[in-house]
Amino acid sequence: AYNGKIFKSRQHSERLIKSAEILGMSFPYTVDEIEEAKYATLEKNSLTDAYIRPVAWRGGEQMGISAKKALTHVAIACWEWPSYFPAEVREKGISLKTSPWQKPAANTAPTQSKAAGLYMIGTLSKHWAEDQGYTDALMLDYRGNVVEATGANFFMVVDGVLITPPPDCFLNGITRQTLIQLAKEHGIPLEEKIILPEDLKKADEIFLTGTAAEVTAVGKIDDLEFTVGPITRKLRDAYETLVRS
């Protein structure tokens with residue numbers, strides 16, 4: 001939320017319900033009811049700039065692998081939200097270490113849902129990277145292609161062209177979609193294509209996107225170093241203007 005307005009709130013609520021549908025969970029509220037509750041939660045907590053996290057989970061009405069009789073419960077939390085990554089790295093970019101864990105194939109996990117279980121690999125990877133002195137981890141997919149960080153989508157710039165991997169086994173983030181649209185509006189050429197680890201050597205700029213990460217520059221991946229370049233700055237500024245408009 002920026003200045004009391006939740007950015008692309010309805011899209012997030014729609015994705016919450018869609019994620020439940022993918023997981024076979026009946027959802028007890030409509031998009032309008034979720035929207036009303038989110039703003040009520042902000043108001044009750046006297047917050048205007050904040051992070052809002054609706055969570056849905058199955059209850060304890062049934063024990064076992066089968067959960068068809070378990071009811072779906074929903075809670076909404078919100079809190080003040082500074083930058084997801086430390087402010088001091090804004091101008092030099094965060095560091096990523098390639099994780100030994102890989103994102104699963106779409107036929108082995110519900111990869112298009114925003115499901116808590118899918119973040120387990122991200123948590124293991126981030127902890128592993130932090131233990132080695134890096135900010136976050138770079139995630140490869142089951143084929144060994146570059147796909148994202150532990151909780152943010154991936155973009156790189158090569159010779160003035162913005163490149164991002166196709167979201168065929170990871171979440172097509174709402175912020176990712178927003179940045180693609182902003183790139184089009186600013187006349188920045190964009191390609192959605194497979195990125196191999198060796199392609200990173202060609203990159204002039206790299207940044208991550210997400211609701212929490214917003215637009216975050218990357219200054220280092222393993223032993224490769226990058227600068228916070230003009231396209232990253234332009235899109236970061238455009239995003240910051242958009243969310244506060």
Side-chain angles (χ1 to χ4, degrees), residues 1-19 31-32 34-39 41-43 45 47-54 76-94 112 114 136 148-158 160-167 170-192 203-219 226-245:
Y2 302 88
N3 300 324
K5 181 181 178 182
I6 307 171
F7 183 64
K8 297 207 170 178
S9 182
R10 195 170 188 87
Q11 285 180 243
H12 281 277
S13 296
E14 290 169 348
R15 184 175 65 185
L16 176 64
I17 293 176
K18 180 63 177 178
S19 293
V31 170
D32 287 339
I34 299 169
E35 288 297 292
E36 183 180 348
K38 284 198 286 190
Y39 277 98
T41 306
L42 270 181
E43 183 179 354
N45 286 276
L47 293 173
T48 55
D49 293 270
Y51 190 89
I52 301 95
R53 173 57 63 87
I76 299 174
C78 67
W79 56 91
E80 283 189 282
W81 188 255
S83 175
Y84 183 61
F85 294 108
E88 61 267 22
V89 304
R90 180 179 173 89
E91 290 307 312
K92 68 177 183 178
I94 64 169
Q112 294 307 310
K114 193 170 177 68
D136 201 356
E148 58 179 357
T150 58
N153 290 131
F154 184 94
F155 288 82
M156 72 178 189
V157 179
V158 179
V161 178
L162 189 62
I163 301 171
T164 189
F170 61 92
L171 196 66
N172 181 12
I174 291 172
T175 310
R176 176 186 184 274
Q177 297 171 47
T178 301
L179 263 291
I180 288 174
Q181 182 59 39
L182 285 173
K184 293 177 181 177
E185 292 174 3
H186 284 78
I188 299 170
L190 183 138
E191 296 180 6
E192 193 175 68
D204 302 308
E205 306 172 40
I206 292 178
F207 63 85
L208 307 177
T209 65
T211 301
E214 300 177 313
V215 179
T216 298
V218 174
F226 309 94
T227 58
V228 184
I231 291 180
T232 299
R233 293 178 187 277
K234 177 180 284 189
L235 290 174
R236 184 177 64 190
D237 290 347
Y239 181 79
E240 291 175 353
T241 298
L242 178 63
V243 298
R244 291 176 173 83
S245 62

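Numbers here are sequence positions counted from 1. What you see is a predicted model, and the numbers here were worked out from it, not measured in a lab.
- A donor-acceptor pair is defined here as one N or O able to donate and one able to accept, closer than 3.5 Å; no such pair exists between the side chain of N153 and the backbone of P165.
- The two residues E192 and P167 make their nearest non-hydrogen contact at OE2-CD, 3.7 Å.
- Between the side chain of T209 and the backbone N or O of E214, no donor-acceptor pair lies under 3.5 Å.
- The two residues A37 and I76 make their nearest non-hydrogen contact at CB-CD1, 3.6 Å.
- Between T211 atom OG1 and I174 atom CD1 the span is 6.0 Å, to the nearest 0.5 Å.
- Listed here is the closest heavy atom pair of T175 and G210: OG1-C, 3.2 Å.
- Shown here is E43, whose CD atom has no more than 12 heavy atoms of other residues, nucleotides or ligands within 6.0 Å.
- In this structure, CD in E205 is found 9.0 Å from CG in L235, a value given to the nearest 0.5 Å.
- Residue-environment remark: NZ (K8) exceeds the threshold of 12 foreign heavy atoms within 6.0 Å.
- Interatomic distance, CG of L42 versus CD1 of I6, reported as 4.5 Å (0.5 Å rounding).
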Test log, rule salt bridge (Lys or Arg N to Asp or Glu O under 4.0 Å), inputs E91 and R236: CA-CA 12 Å; E91 290 307 312; R236 184 177 64 190; 3.4 Å; yes

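- Counting only heavy atoms from C-beta outward, the side chains of F7 and H12 never approach each other to under 4.5 Å.
- A heavy-atom distance below 4.5 Å is not found between the side chains of T41 and I52.
- Take N3 and apply the side chain to side chain donor-acceptor pair (under 3.5 Å) test, not counting sequence neighbours, and it matches no residue.
- In terms of heavy-atom proximity, A50 sits nearest to W81 at C-CB, 4.0 Å.
- Listed by chain and residue number, S9, S13, E35 satisfy the side chain to side chain donor-acceptor pair (under 3.5 Å) test with K38 (two or more places apart in sequence, or in another chain).
- Partners of F170 by ring pair (Phe, Tyr, Trp, His ring centres under 6.0 Å), not counting sequence neighbours: none found.
- Using cut-offs of 30° and 60° on the angle between ring planes, the pair F207 and F155 is parallel.
- Note that CG of L208 and CD of E148 are 9.5 Å apart. Values are rounded to the nearest 0.5 Å.
- Shown here for E14 and V31, the closest heavy-atom pair between the two residues is CG-CG2, 3.9 Å.
- Among the candidates I163, I231, I188, the single residue satisfying the side chain to side chain contact (heavy atoms under 4.5 Å, CB included) test with V157 is I231.
- Atom CD of E36 sits in a sparse spot, with 12 or fewer heavy atoms from other residues, nucleotides or ligands closer than 6.0 Å.
- Closest heavy-atom contact between G93 and V228: N-CG2, 4.0 Å.
- Rounding to the nearest 0.5 Å places CE of M156 at 9.5 Å from CG of D204.
- K114 contributes atom NZ, which lies 5.0 Å from atom CZ of R15 (distance to the nearest 0.5 angstrom).
- Residue-environment remark: CD (E185) exceeds the threshold of 12 foreign heavy atoms within 6.0 Å.
- Side chain of Y2 to main chain of L242: no donor-acceptor pair is present (N/O by atom type, distance under 3.5 Å, no hydrogens or angles).
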